[in-house]
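The structure appears right after this line, and notes come after that.
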Amino acid sequence: MKLLAIDCAANLCAACVYDATAKQELGRSVLDLGKGHAEQLMVVIAEALKASATDYAGLGAIAVSVGPGSFTGLRVGVSTARGLALALKVPAIGVTTLGALATEAAAAFPGRAVLAALDAGREEIHAALYDEMSVLTYGPAVTTLAEAVTMATESSSVLAGTAAAQIATSAGRAFDIGPESATADIVTYARLAAAKGESDKPKPLYLRGADAKPQAGFILSRLRP
């Protein structure tokens, strides 16, 4: 089965085609955008399909990063994945960014617990803790830096994600550190989705609300008859 993986969780707009039977990546396309995922994603997907000598009819599943990550990017990626899955009559499979980062860290440091942590701003951290067998034991959830330090110290975990260095510095001790990026390599999402198989329809994993909120001062009172 060939699987298309999509990632718009962070700055990257990425797609790859993965042969789940051969466990081999067939082709990819990755742009470092920052913004503009909605305008570029279908182009990136088309380039990944071309690089893999595959067309839409040859796909058996769609995988997508569901976050936590960019509010807008997640919405673009997940809605595209679900739309393609519906049109092609194939399953859509969601994979969390924290899970993908933890998988890469576990591959670099086998048999170790992993704390995947992303700097969410506002002195908050998005975190997920996995044990030595890569089983999720905490999160994904919003936590404080102090709580993340406690988790990392007590579990002697490998750190991964954009908050890894911050946690190590705050703890005042050395940690083994895996990827420090905001998202994993696109093929990691493909591999995890292939191993996961069919699941519920993916939804964006928003651990907190959008930054943009209505300004209450401009809300007009409803007139009563």
Is there side-chain contact between [X] and [Y], with heavy atoms separated by less than 4.5 Å?
| X | Y | answer |
| --- | --- | --- |
| Leu41 | Cys13 | yes |
| Ile125 | Leu145 | yes |
| Thr72 | His37 | no |
| Thr143 | Glu124 | no |
| Leu3 | Ile62 | no |
| Leu207 | Pro68 | yes |
| Tyr18 | Lys2 | no |
| Ile45 | Thr80 | yes |

Derivation and outcome, side chain to side chain contact (heavy atoms under 4.5 Å, CB included), residues Ile93 and Leu192: CA-CA 9 Å; Ile93 306 165; Leu192 288 173; over 6 Å; no
Minimum heavy-atom distance [X]-[Y], with the two atoms named:
| X | Y | answer |
| --- | --- | --- |
| Ala92 | Pro202 | O-CD, 3.5 Å |
| Ala190 | Ala5 | CB-CB, 3.8 Å |
| Val149 | Ala171 | CG1-CB, 3.7 Å |
| Gly178 | Ala105 | CA-CB, 4.3 Å |
| Ala48 | Ala15 | CB-O, 3.6 Å |
| Ala148 | Ile167 | CB-CD1, 3.8 Å |

Stepwise side chain to side chain donor-acceptor pair (under 3.5 Å) test for Thr183 and Asp7: CA-CA 8 Å; Thr183 188; Asp7 176 27; 2.8 Å; yes
What about [X] and [Y], same hydrophobic cluster or not, with Ile/Leu/Val/Met/Phe/Trp/Tyr joined at side-chain heavy-atom distances under 4.5 Å?
| X | Y | result |
| --- | --- | --- |
| Leu26 | Val187 | no |
| Leu115 | Val142 | no |
| Tyr138 | Leu118 | no |
| Phe175 | Met151 | yes |
| Leu136 | Val95 | no |

Stepwise side chain to side chain contact (heavy atoms under 4.5 Å, CB included) check, Leu84 with Tyr56: CA-CA 9 Å; Leu84 288 174; Tyr56 284 108; 3.8 Å; yes
Main-chain N/O of [Y] paired to [X] side chain as donor or acceptor, under 3.5 Å:
| X | Y | answer |
| --- | --- | --- |
| Ser52 | Leu49 | yes |
| Ser79 | Val76 | yes |
| Thr137 | Leu129 | yes |
| Thr150 | Ala146 | yes |
| Asp19 | Lys23 | no |
| Arg191 | Gln24 | no |
| Arg112 | Glu132 | no |
| His126 | Tyr206 | no |

Could you measure the distance from the [atom1] atom of [X] to the [atom2] atom of [Y]? Nearest 0.5 Å is fine.
| X | Y | atom1 | atom2 | value |
| --- | --- | --- | --- | --- |
| Leu4 | Thr54 | CG | OG1 | 9.5 Å |
| Gln40 | Glu47 | CD | CD | 8.5 Å |
| Leu12 | Ser70 | CG | OG | 11.5 Å |

Cationic tip of Arg75 above Phe71 ring, under 6.0 Å, 45° of axis: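 Judged by the rule (NZ or CZ under 6.0 Å from the ring centre, within 45° of its axis), Arg75 is not positioned above Phe71.
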SB check Arg28 Asp185 (cutoff 4.0 Å):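 Looking at Asp185 together with Arg28, the answer is yes, because their closest N to O distance falls below 4.0 Å.
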The single option from Val64, Thr103, Thr97, Ile6 passing side-chain contact (heavy atoms from CB on, under 4.5 Å) against Tyr189: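 It is Thr97; the other options fail the test.
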CA sep, side-chain torsions, deciding dist, call: Val78, Lys203, side chain to side chain contact (heavy atoms under 4.5 Å, CB included): CA-CA 7 Å; Val78 171; Lys203 297 179 181 178; 5.5 Å; no
Evaluation steps, side chain to side chain contact (heavy atoms under 4.5 Å, CB included), between Leu101 and Ser181: CA-CA 8 Å; Leu101 287 166; Ser181 54; 3.8 Å; yes
